[in-house]
Amino acid sequence: MKWPVTIMIACLLTMSPAVAEWEADADDRVEVAAAGAIEAFRQRIPRTHRYFDEAYGFAIIPSVTRVGFGFGGAYGKGIVIEGDATVGTTKFWQFTSGIQAGARNFSMIVFFRDKAALEEYQSGRTQFLGQAGVAFATVGAAGTPAYNEGVAIVTLTRFGLMGEFTISGARFSYKPAVARD
């Protein structure tokens with residue numbers, strides 16, 4: 001009876017929450033912005049607490065600017081965190097077509113349930129299609145209600161006004177971090 005309990009405790013001690021020990025490098029403006037966005041998600045969207053606690057890692061894009069009128073696009077850049085370390089940078093591009101009008105700026109976080117989901121993201125093959133929503137001023141949060149193929153996405157509107165029912169193509173890119181001395 002002691003061995004199963006010992007093994008379970010050892011497993012729990014070796015699993016670290018995605019953001020438990022991560023701290024932004026004060027000299028890196030993207031990391032500082034990412035830390036601010038993480039705090040905003042935690043304060044304004046309580047359902048993300050579970051994701052932060054359970055995720056293997058995540059990509060945080062603190063500022064995505066999106067403009068659309070019939071056709072539209074979005075762009076943002078951020079970082080990828082695994083455990084307590086920044087393991088790379090990420091960029092997000094999106095092209096949209098459909099019924100849409102407005103502009104907005106939002107933060108986006110992509111949670112990875114496990115190592116396999118993170119590795120798939122790092123491969124550069126991750127893309128998503130289709131969306132609908134409304135955002136006004138700082139009101140607006142969207143995302144997947146649960147993990148889908150190991151990935152959950154949550155967005156938080158920072159400012160703007162946008163209404164949409166669109167088809168979109170979105171692409172994420174990943175670049176490994178350069179080792180620091």
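From a predicted model like this one, the values you see are computed outputs, not experimental measurements.
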Asker: State the NZ-OG1 distance between K175 and T89, to the nearest 0.5 angstrom.
Answerer: 6.0 Å
Asker: Between E82 (side chain) and G57 (backbone), is there a donor-acceptor pair under 3.5 Å?
Answerer: no
Asker: For the hydrophobic clusters of this structure (ILVMFWY residues joined by side-chain heavy atoms under 4.5 Å, transitively), does one cluster hold both F41 and V30?
Answerer: yes
Asker: Can you find a pair of side-chain heavy atoms, one from R66 and one from Y75, that are under 4.5 Å apart?
Answerer: no
Asker: Ignoring hydrogens, what is the shortest heavy-atom contact between P62 and S107? Give both atom names and the distance.
Answerer: O-OG, 2.7 Å
Asker: Report the distance from atom NZ of K91 to atom OG of S173, rounding to the nearest 0.5 Å.
Answerer: 6.0 Å
Asker: Does any part of the side chain of P176, heavy atoms only, come nearer than 4.5 Å to the side chain of V87, both counted from C-beta?
Answerer: no
Asker: For the residue pair I38 and F58, establish whether any side-chain heavy-atom pair is separated by less than 4.5 Å.
Answerer: yes
Asker: Return the CG to OH distance between D114 and Y56, rounded to the nearest 0.5 Å.
Answerer: 9.0 Å
Asker: To the nearest 0.5 Å, what is the distance between OG1 on T155 and CD1 on I61?
Answerer: 11.0 Å
Asker: So, for E149 and R113, which heavy atoms are closest and what is the spacing to 0.1 Å?
Answerer: C-NH2, 4.5 Å
Asker: Nearest 0.5 angstrom please: L118 CG to E120 CD, how far?
Answerer: 10.5 Å
Asker: So which atom in D25 and which in E31 form the shortest heavy-atom distance, rounded to 0.1 Å?
Answerer: N-OE1, 2.8 Å
Asker: Could you check whether atom CZ of F71 has more than 12 heavy atoms from other residues, nucleotides or ligands sitting under 6.0 Å from it?
Answerer: no
Asker: So L161 and R104, side chain to side chain contact (heavy atoms under 4.5 Å, CB included) or not? Walk me through it.
Answerer: CA-CA 6 Å; L161 174 62; R104 74 178 188 137; over 6 Å; no
Asker: Would you find a donor on one side and an acceptor on the other, under 3.5 Å apart, between the side chain of N148 and the backbone of V151?
Answerer: no
Asker: Side-chain contact test, heavy atoms from C-beta onward, threshold under 4.5 Å: evaluate it for V154 versus V110 and give yes or no.
Answerer: no
Asker: Ignoring hydrogens and angles, state whether a donor on the side chain of T90 or Y121 is under 3.5 Å from an acceptor on the partner side chain.
Answerer: yes
Asker: Between Y174 and S123, is any pair of side-chain heavy atoms under 4.5 Å apart?
Answerer: no
Asker: About how many Å separate CZ of F106 and OG of S63, when rounded to the nearest 0.5 Å?
Answerer: 9.0 Å
Asker: Could you please spell out the steps behind the side chain to side chain contact (heavy atoms under 4.5 Å, CB included) verdict for R44 and L156?
Answerer: CA-CA 8 Å; R44 292 183 45 202; L156 177 62; 3.6 Å; yes
Asker: Taking all heavy atoms of A55 and all of F111, pick out the closest pair and write down the distance.
Answerer: CB-CD2, 3.8 Å
Asker: Is it the case that the side chains of Q100 and T96 hold a donor-acceptor pair, with the cut-off being a distance below 3.5 Å and no angle test?
Answerer: yes
Asker: Side chains of T157 and F159: does their closest heavy-atom pair fall under 4.5 Å?
Answerer: no
Asker: Would you say that I79 contacts I60 through its side chain, given a criterion of any heavy-atom pair below 4.5 Å between the two side chains?
Answerer: yes
Asker: For residues W22 and A85, report the shortest heavy-atom separation together with the two atoms involved.
Answerer: CD1-C, 4.0 Å
Asker: With a 6.0 Å cut-off on ring centres, are F172 and F92 close enough?
Answerer: yes
Asker: If every non-hydrogen atom of H49 is compared with every non-hydrogen atom of I45, which pair is closest and at what distance?
Answerer: CD2-O, 4.1 Å
Asker: With a cut-off of under 6.0 Å to the ring centre and 45° to the axis, is R42 in cation-pi contact with F52?
Answerer: yes
